[in-house]
Structure formats: C-alpha cells, structure tokens
Amino acid sequence: MLQVSFIRENRDFVIERLGVKNFSEAESKVDKVISLDNERRTKQTELDNIKAEANRLAKEIGMLFKQGKAAEAEELKARTAECKVQEKELGEQFAKVEAELKDLLLSIPNLPNQAVPRGKSAEDNEIVYEEGVIPELHAGAVEHWTLCSKYDIIDFELGNKITGAGFPVYKSQGAKLQRALINFFLDEAGKSGFTEVQPPLMVNEASALATGQLPDKEGQMYSVPLDGFYMIPTAEVPVTNIFRDTIQKQSNLPIACCAYSQCFRREAGSYGKDVRGLNRLHQFDKVEIVCIDTPEHSYEQLEMMKNHVAGLLRKLELPFRILRLCGGDMSFTSAITYDFEVYSAAQKRWLEVSSVSNFETYQSNRLKLRYKDENNKTQLAHTLNGSALALPRIVAALLENHQFESGIRIPKALQAYFGAETIF
RNA sequence: GGAAAGUUGGCAGAGUGGUCGAAUGCGGCGGUCUUGAAAACCGUUGAUCUUCACGGGUCCGGGGGUUCGAAUCCCUCACUUUCCGCCA
C-alpha cells in the first residue's frame, strides 16, 4: 500500500497518477486519508500524554510503597483511575481511526510509473518490442486442442471427470514436455543468476494480504477455510513472503529468486473462446522470478528480467512481442508492467505468457520488507516479479507453431530436456 | 490426534510484579596498540510511532484480561521441541 507520509506530501501528484489508473474516487479517498491521518496523529499525541502521566504516577506509587508511605500511595491511586478512563476512551477512538485509515489505504491501488501510458483497456497497451517471424503453417494445420487429442498428450475430458474444467491431465509425451519445460526454465533462470526455491503451495492470510491478493482478489483464489489457507495463484506470493518482516543489508541486494510451482486460479468471470484448450486453466505450472532491490537499482533489475524472459522465448523459437500495459489494464499493486505475448499461429492470436512488473514500494510497505541504506537508515525496498514462464500457453504456441503434417518439432534448446526431436 | 515443556534483541541466554527496552556472552561497528593482522583493551550496537526540536508513546510469539504498575500472574490462539499414536 501507499505510504501515508507520501500521500500527505504529494496530494496532487497522487491524485493525478491514480487518474492514469482510472481510479475513480482518487480525490475523495486521498483527502480522506489525509484527514484521517491528521485525526490519528492528534489522537496519538493525546493518548501518549495520558499514558506518560499514568506511567509517571505508577512509578511514584511504587516509590511511596517502598518508603512505607501507604496512605499517600492510596491517594495517588485514586488519581490514576481518572487516567485509566480517559486512556480507555482515547485508545478506542485511536484504534477506530487507525483501522479506518488502514482499510482505506488497502483500497487504494499503486501509483503507475511515469512511463505508463494512459488508457482504459487492453486495446490501449503500447507495443514496445516485436521479435520473430510468424510461421506459415501447412494447409491442414489445426489448433492445439486438436493436436492434444491427435497425439494423445493432453486430455481435457479426463480432467473434467476427475476434477472439472480447467484441470487437464497431461499424458505420456505431454507429461514429459511439461517436465522438460519446467527444467529448462529453471536451468535458464539459474544461468541468469536466480536462486531456486521450492515454496509451499498454500499460504496463510497474512501472506496473501502482504503481496496484495487480499483483499483485492479474494474471489480469485481457492481457499481452505478449515485451516485458513489459500492455494497460491502464483509463486510470487510465497516467494515474496519469504522476505516479509525483514530488514536486509544493502550488500545482500539485489536478491533474485526463482521458483517452480503449480498455480491455482478460480478465474471467476472468464468465458468464451478465451478458455478453450490451454488458454485458461484453473491449475497450471509456472516458473516465477522474484527480485528485491533498492529504489535506485530496481529498474535495472526490471530490464534484466525482461531480457531473461525474451531470451527464453527466443530459445523456444516463438515469435513474441512486449507490451507496456496502460493504466487501465495494470494490476492493482503494480507500478509498471510489461506483458510478453507469443503468437499462436493456428488460433491466429497473441497469447499472454509472461507479465513482468515492478511494484516499487507498494508490496514492501505491506510486507515490511526493508533494507539499511549507506547511511544505516531503514528504507522500503522495491519488489519485482515476472513469469519465466507460464507453461500452458507456451505449450499451446509450441504445438501450433511447430506442427507439421505428421508431427510436432521440438525446438533445439528443448530437445535435450525432452529427449527427442519431435512428437508424433 | 493425545501428553509435556517452551517462544526474550543479529545469535546464545539471564530475568517470576515496580527504577527492565531488558544482565551477560558471542557477533557487528568505531577506536587504542601494530609495518599489517591477530590478541588484548576502550567505546558503541534493536524496531517503531509522534515532534522542527527537546521530549513522549509502543514493542519480550499474536490477541485479550488482572493490577496504581506486567517480560514476569490469568485466559486464548499460533508456532517450536520432546514423548506417544497415525502415516508418505
């Protein structure tokens, strides 16, 4: 969440930036934050004074008892009663204001970076880079879902029976392709300097809140109410939370981690052809990269992450483009997001396969993730993450783009992992 | 799942109702000494809110309670360890 001190000192700027995200109640909410904060600080001062007085009296009473002056002590005790009444009342008021302020702050999204274009929807995203050649497919070329059943590598029907729509069963060479991609992505991340971790696939409420899934996206996560857990929608959640409530040494930065995990998303509200085949699943595999750095260097880190993702797509021989998301299409918590899309030649459409973002201090303020700068002052760090990569749409594009009459070609970089040059 | 014992600063570990944000040791940082280093010695070393500042408040796993006063007593939740049970 945003820092109150920043909002206080940059009211107009904050309102202007929130406007880029098409956040409608920007002005009223920002002003409400400022007034609640003023109230909070006034209450705190009053409360502190009363507590100071009560502490002073308590010490005095202690001294008097030690000196055997019980009568005088009793006299002072009577006075503390008054303090207690006031303390209780003010304490309740203070807690109420503080809670209200916190809820309000949680409802305000991150500010978009200056580079973020204005816009309402995906239509307004800015294409900043394109690479690769869109392949000419042979006459009988088909979409990946047809290829999946033709070669019997991914069974959507079977998944329907066992669980429901969006939980496919990967079979034989399909399962092997999954493993190949996961290992390929992890090895490549290792080469780029990311340290591998294997996080839990369920997180508690505090973790989901810290990275911003709660309260914003509660309905998008599968939950386990009996234990108060949530199935992770991305490894970003557990991996970033490794660093919750920590103060890093500046010499430890940048931190760069990668993690393979399965991801679980309810995708409530999705429908139509977008959900066909591998385009949108409830359970899928992804290798995530997470970075933590100082505000001075986080944008260098973002470039590094983008280059890493571009390198993966290049090695998979897939045509791709990079979009800079407009304010209206960005996530609640992001300051800037670059989406990577690959062209799916049989579906004849671009598929989002990666999203690389800098959250600046928005997540770290919730996480209480800080570092000591060169002056030994505690500062909020910047957090970044990206997919490198999510499997299903990569598989869709691989199958479609590399298909030929009697099989599917496996890109060179993947052959050693897959153990064959083709699927047939 | 049952039983017991625990949770204190970066770490180890004292502290069972008052002057305790907290002994001591280790580690860290600064210094003396040294050609340099080690050793020794001296000093320093938690976080957070508020204030221009002085100062004040809060934090001993989380939450609540008792008391004039709680790290210390009570309740509750979480976690850890050990034993038993179950089990990949």
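Below, each value reflects all heavy atoms present in this structure, side chains not excepted, and no hydrogens, waters or symmetry copies. First the proteins, then the strands, lettered A, B, ... as listed; each starts at 1.
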Using purine N1 to pyrimidine N3 plus N6-O4 or O6-N4 for Watson-Crick, or N1-O2 and O6-N3 for G-U wobble, each under 3.5 Å, what pairs with [N]?
{"N": "rU81(B)", "answer": "rA4(B)"}
{"N": "rC54(B)", "answer": "none"}
{"N": "rG30(B)", "answer": "rC42(B)"}
{"N": "rG25(B)", "answer": "rC11(B)"}
{"N": "rA70(B)", "answer": "none"}
{"N": "rC60(B)", "answer": "none"}

Exercise for the section: Under the side chain to side chain contact (heavy atoms under 4.5 Å, CB included) rule, what do T333(A) and Q213(A) come out as? Steps first, then yes or no, please. Expected result: CA-CA 9 Å; T333(A) 49; Q213(A) 277 66 36; over 6 Å; no
Practice task
Describe the nucleic acid contact of K249(A) in one word from base, sugar-phosphate, nothing, applying a heavy-atom distance below 4.0 Å.
Solution key: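 Nothing: the residue K249(A), judged by heavy atoms under 4.0 Å, touches no strand.
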Exercise for the section: On the 0 to 90° scale, with breaks at 30° and 60°, tag the F194(A)-H308(A) ring pair as parallel, tilted or perpendicular. Expected result: tilted
Exercise for the section: If the plane angle is over 60° it's perpendicular, under 30° parallel, otherwise tilted; pick one for Y222(A) and F167(A). Expected result: tilted
Problem - Heavy-atom closest contact (V342(A) atom, A397(A) atom, distance) - result: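 The pair with the smallest heavy-atom distance is CG2-CB, 3.6 Å.
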What distance, rounded to whole Å, do you find between the two [atom1] atoms, one in [N] and one in [M]?
{"N": "rG43(B)", "M": "rA12(B)", "atom1": "C1'", "result": "23 Å"}
{"N": "rC11(B)", "M": "rC60(B)", "atom1": "P", "result": "16 Å"}
{"N": "rG27(B)", "M": "rG36(B)", "atom1": "C1'", "result": "24 Å"}

Exercise for the section: Look at atom CD of E82(A) and say whether more than 12 heavy atoms of other residues, nucleotides or ligands are closer to it than 6.0 Å. Expected result: no
Exercise for the section: Could you state the atom-to-atom distance from CG of L90(A) to P of rU50(B) in whole Å? Expected result: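 It works out to 17 Å between those atoms.
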Exercise for the section: Provide, to the nearest angstrom, the distance between the CD atom belonging to E92(A) and the C1' atom belonging to rG64(B). Expected result: 13 Å
Measuring from the side chain of [X] (C-beta onward, heavy atoms only), which nucleotide among [options] has the closest atom?
{"X": "M63(A)", "options": "rU19(B), rG18(B), rA47(B)", "answer": "rU19(B)"}
{"X": "I247(A)", "options": "rA47(B), rU50(B), rC68(B)", "answer": "rA47(B)"}
{"X": "K372(A)", "options": "rG46(B), rC68(B), rU51(B)", "answer": "rG46(B)"}

Completion exercise
Of N376(A) and T80(A), the one whose nearest nucleotide on RNA chain B sits closer to the 5' end is N376(A)
Exercise for the section: Look at R41(A) and rU51(B) and indicate whether a side-chain polar atom (N or O) is within less than 4.0 Å of OP1 or OP2. Expected result: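 For rU51(B), OP1/OP2 do have a side-chain N/O of R41(A) under 4.0 Å.
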Practice task
Pull out every residue in residues 44-59 of chain A that has a heavy atom closer than 4.0 Å to any atom of RNA chain B, ordered by number, or say none.
Solution key: Q44(A), T45(A), D48(A), K51(A), A52(A), N55(A), A58(A)
Practice task
Decide, yes or no, whether a salt bridge links D187(A) with K191(A) under the criterion of side-chain N to carboxylate O below 4.0 Å.
Solution key: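 No.
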Problem - Beyond-backbone contact of F359(A) with T211(A), side-chain heavy atoms, under 4.5 angstrom - result: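 No, side chains not in contact.
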